[in-house]
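Heavy-atom basis, side chains included; hydrogens, waters and symmetry copies ignored.
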Amino acid sequence: MEAMVTADAHESGTVPTSSVSDIARTPRSIRAALLPEDVEGFERDYRAVMAEAAQTLDLSPVFECLDHWSLIARLSQDAGAHRAMLDTAARLKRGEEVPSRPARDVLADLGF
């Protein structure tokens, strides 16, 4: 089965051009780049992995958390497209029909 990509965010005509490296991989930088509705989730996850690291003396979960939230922060740079993607995901979870296109077409439009 071919992967399908919803068209909503793509049709907005905005594609983030920044890279993950444009946002420093520090908790403060990531938090500042997030949409307001994502800040609480980041803080909760970050505090949990910091507590785990203090107990296990293993920073790997902290770095994984920062990597995960850095990507979300990057995607958040186009707030409208990011919110549209989240809305589409919620609609798909509810079983709603959403417009979609083959992934290869979207990637071709993006130059991949």
Side-chain angles (χ1 to χ4, degrees):
M1 176 192 284
E2 183 172 357
M4 301 295 282
V5 176
T6 61
D8 292 343
H10 174 72
E11 289 176 356
S12 73
T14 57
V15 176
T17 57
S18 62
S19 68
V20 174
S21 63
D22 291 334
I23 298 170
R25 209 176 92 193
T26 65
R28 185 171 293 152
S29 295
I30 293 167
R31 185 183 188 283
L34 290 170
L35 297 177
E37 58 264 37
D38 289 332
V39 170
E40 183 179 333
F42 167 70
E43 289 178 347
R44 181 184 56 249
D45 288 356
Y46 182 69
R47 286 186 179 108
V49 295
M50 288 298 290
E52 178 185 342
Q55 293 297 313
T56 64
L57 302 178
D58 179 7
L59 290 174
S60 298
V62 175
F63 295 130
E64 290 168 9
C65 177
L66 293 175
D67 286 343
H68 169 79
W69 284 99
S70 289
L71 177 58
I72 293 172
R74 176 185 170 237
L75 295 171
S76 298
Q77 298 311 289
D78 183 338
H82 186 67
R83 287 184 175 117
M85 179 273 306
L86 293 174
D87 178 63
T88 299
R91 291 173 57 204
L92 287 168
K93 281 180 147 181
R94 291 189 302 264
E96 294 180 29
E97 295 273 338
V98 296
S100 62
R101 298 176 53 210
R104 72 170 177 266
D105 293 349
V106 174
L107 292 173
D109 289 348
L110 296 173
F112 291 97

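- Here the straight-line distance linking atom CG of L35 with atom OG of S76 works out to 4.0 Å at 0.5 Å rounding.
- H82 NE2 to L34 CG: the interatomic distance, rounded to the nearest 0.5 Å, is 8.0 Å.
- At a threshold of 4.5 Å between non-hydrogen side-chain atoms, the residues W69 and P27 do not count as touching.
- Counting non-hydrogen atoms of neighbouring residues, nucleotides and ligands closer than 6.0 angstrom, the CD atom of E96 exceeds 12 such neighbours.
- The shortest heavy-atom contact between I30 and A73 is O-CB, 4.0 Å.
- The number of heavy-atom neighbours closer than 6.0 Å to CZ of R94, taken from other residues, nucleotides and ligands shown, is above 12.
- Between the CZ atom in R83 and the CG atom in D78 there is a gap of 10.5 Å [rounded to 0.5 Å].
- Once rounded to the nearest 0.5 Å, the distance linking CG of D109 with CZ of R101 reads 4.5 Å.
- Residue R31 holds its CZ atom at 10.5 Å from CD of E40, rounded to the nearest 0.5 Å.
- To the nearest 0.5 Å, atom OH of residue Y46 and atom NE2 of residue H68 are 15.0 Å apart.
- Residue D58 comes nearest to P61 through the heavy atom pair O-CD, 3.4 Å, listed as atom of the first residue, atom of the second, then distance.
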**OP:** Go through the steps for L71 and D67 under the test side-chain contact (heavy atoms from CB on, under 4.5 Å), then give the verdict.
**Re:** CA-CA 6 Å; L71 177 58; D67 286 343; over 6 Å; no
